[in-house]
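Chain letters run A, B, ... following the sequence lines, proteins first, then strands; residues in each count from 1.
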Amino acid sequence: MTTTDISPVDNGVNVEALLGARQHLTDAPEAAQFKWRASCEWINGTHNRSSISGFAGLGEEHTHRQTYTIDSDHPEIFASEDNGPTPPEMVLAALASCLTGGIATVATHRGVKLNSVTATLEAGMDLQGILGIDSDVRNGFDGIKVTYDIDADASKADIEAIVAQSQKRSAVFDVVANPTTIQVEVV
Amino acid sequence: MRTPVVVIGAGQAGLAMSRHLTARAIDHVVLERGEVANSWRTERWDSLRLLTPNWMSRLPGHHYSGPDPDGFMTKDETVGFIEGFGRSFDAPVRSHVRVERVSARSPGFDVVTDRGTWSCDVVVAATGASSEPKLPPVAAEIPSRVRQLTALRYKNPGQIGQGEVLVVGASASGTQIADELRRNGRSVTIAVGDHVRLPRMYRGRDIYWWLDTVGRLDERYDEIDDLNRARRLPSLQLVGTPEHRSLDLNSLAASGVRTVGKLMRIAGAKAQFSGALANLVANADLKQNRLLNLIDEFVLERGLGAGISEPTRPAPTILGEIPTEIDIARFETIIWATGHRPSFSWLDPSLLDHRGRISHDGGVCATPGLYLLGLPFLRRRKSSLIDGADGDAADLVGHLHAHLDQRCRV
């Protein structure tokens with residue numbers, strides 16, 4: 001794998017810029033310190049709206065091109081109004097987005113043209129946990145199954161290697177798979 | 001005391017350098033904190049054998065010549081082999097001399113020891129890659145009730161209580177220790193992070209025969225893509241046994257060792273393990289197959305017919321139910337097999353970079369006259385193997401000799 005050649009395939013990922021950033025942040029580790037932010041406002045019932053706008057990195061503040069909002073709620077069988085996906089579903093979407101973006105990046109870096117990539121995710125949950133019925137049951141997922149259907153100009157082994165590498169360098173995969181300290185305060 | 005060259009450490013690397021210095025009639029001493037092959041005497045477990053077959057024990061002018069070239073030396077045989085190497089050219093080893101400080105003076109260096117100070121023009125640090133254990137931050141969170149020891153202090157199952165054992169790390173050390181404890185009746189859990197899986201034998205030959213034959217071990221530090229990564233790579237999941245058996249997560253599971261992901265933290269009463277194990281295992285299997293493909297292609301091209309059997313691939317790693325939390329109270333003992341790092345605490349801070357590390361180019365340090373030897377991938381993939389000592393020492397002695405000549409002319 002050589003990093004000096006310009007990749008001959010175009011999956012819409014600017015790999016050269018990413019490699020440049022990698023080199024830059026190796027030399028200037030303080031610029032690699034990022035802060036990701038979100039806010040969330042209660043609307044009514046279990047319906048709330050998260051907003052995502054600004055973040056910090058490369059030693060300064062940044063804003064997205066626009067403020068993005070995501071509504072979340074619970075479905076009608078939970079006696080809610082179903083104004084949006086449930087938070088656990090948003091976690092699945094975040095995981096899928098992160099892995100899929102990673103697949104495009106790794107594939108481009110490896111000179112593999114992607115024709116189509118589809119992820120399907122499923123996570124089991126025993127509601128006896130969040131409902132406090134059984135204290136031995138955890139609140140969260142009992143496991144997550146991600147299935148990728150990928151059409152690309154590469155062998156099955158090469159595609160599997162791209163998917164494996166994407167997991168290895170995925171932020172959300174790490175956030176979900178590994179414990180993270182969470183501090184919740186009230187001001 | 002004055003000598004042109006001080007070599008620190010009388011293991012295979014320091015002695016290989018001494019052999020090359022002797023051949024060039026360059027006066028020197030080899031300072032050794034204990035006796036020749038000290039870490040093999042004092043910091044290895046009793047049953048350990050070399051990972052490389054006997055025929056690969058090749059030092060300058062001193063090769064394995066016993067009856068079992070395909071076997072694996074025991075720890076004591078390895079000590080004997082390295083001792084024999086030192087004797088073969090009457091290496092000027094000063095045993096039981098502990099180096100306390102090396103500082104630059106102009107010109108050359110002062111090497112302060114517990115038996116006086118040497119002044120010299122050149123220092124070769126050959127103190128080994130495994131001077132101290134590399135422990136993850138979670139080690140500080142383990143309750144004091146749990147007995148902890150590192151692979152450097154592990155000797156045999158007799159040291160370990162009858163209660164459950166958690167072995168952290170799945171490179172050669174971790175898998176071998178987990179295997180030995182399980183065979184001795186302990187309940188063993190192994191926490192598995194990044195690892196390198198390879199079969200002991202492939203197509204009728206030892207995996208090291210293949211790595212040597214296809215040229216993988218001779219790959220140079222200035223020719224590979226990601227040198228930092230290559231230098232940090234954990235040791236191969238291998239064991240040297242008379243049966244030439246493979247050792248991997250499948251064989252450990254078959255013997256009843258429980259597999260979990262990387263140990264991440266202690267939360268209350270629970271030890272929490274990473275849920276990313278399936279990915280690490282898939283990666284290890286993919287990389288194993290990539291190397292075996294390379295071997296198959298090599299056989300096709302070169303037509304190495306005689307003695308080469310048909311390819312049989314190791315079974316994919318099977319993971320059963322993998323818990324991500326276990327009560328820490330279940331474990332009586334934790335053994336850390338999370339790798340080692342060299343120690344240069346005896347080097348004057350002015351010889352280190354701002355991160356406290358020595359910057360060097362293939363063992364040639366930024367400070368003229370200071371050299372490193374015997375570290376992982378120092379100059380070649382085999383740099384930290386016995387078989388890698390000769391080539392690296394031969395390379396560096398040329399540079400060193402030129403440096404001395406230049407000094408004399410000034």
Using ring-ring contact (aromatic ring centres under 6.0 Å, His included) as the criterion, list what pairs up with A:Phe55, not counting sequence neighbours.
A:Trp36, A:His62, A:His64
Portion of B:Asp226 that has a non-hydrogen atom of chain A nearer than 4.5 angstrom
side chain
Around B:Arg229, counting heavy atoms of other residues, nucleotides and ligands shown, do more than 12 lie under 6.0 Å from its CZ?
no
Taking all non-hydrogen atoms of both residues, which atom of B:Ala276 and which atom of A:Ala177 are closest, and how far apart?
N-CB, 3.8 Å
Non-hydrogen atoms of chain B under 4.5 Å away: do they reach the side chain of A:Thr180, the backbone, both or neither?
backbone
Could you measure the distance from the CG atom of A:Asp174 to the CE atom of B:Met264? Nearest 0.5 Å is fine.
6.5 Å
Please classify the contact between B:Lys287 and chain A as side chain, backbone, both or neither, with a heavy-atom cut-off of under 4.5 Å.
side chain
A:Glu41 atom CD, neighbour heavy-atom count above 12 within 6.0 Å:
no
Do the non-hydrogen side-chain atoms of B:Asn279 and A:Phe173 ever get within less than 4.5 Å of each other?
yes
Quick check: closest heavy atoms across A:Ala164 and B:Leu286, and the distance to 0.1 Å?
CB-CD1, 3.9 Å
Are the side chains of B:Thr324 and A:Arg138 in touch, meaning some heavy atoms are under 4.5 Å apart?
yes
Is it true that atom CD of A:Glu81 has more than 12 heavy atoms of other residues, nucleotides or ligands lying nearer than 6.0 Å?
no
Taking the side chain as C-beta and beyond, is there a heavy-atom pair between B:Arg265 and A:Thr181 under 4.5 Å?
yes
Run the salt bridge (Lys or Arg N to Asp or Glu O under 4.0 Å) test against B:Glu301 and tell me which residues pass, sequence neighbours left out.
none
Is the number of heavy atoms from other residues, nucleotides or ligands within 6.0 Å of CZ (B:Arg313) greater than 12?
yes
Rounded at 0.5 Å granularity, tell me how far CG in B:Asp194 sits from NZ in A:Lys168.
4.5 Å
Residue B:Lys382 excluded, over 12 heavy atoms near NZ under 6.0 Å
yes
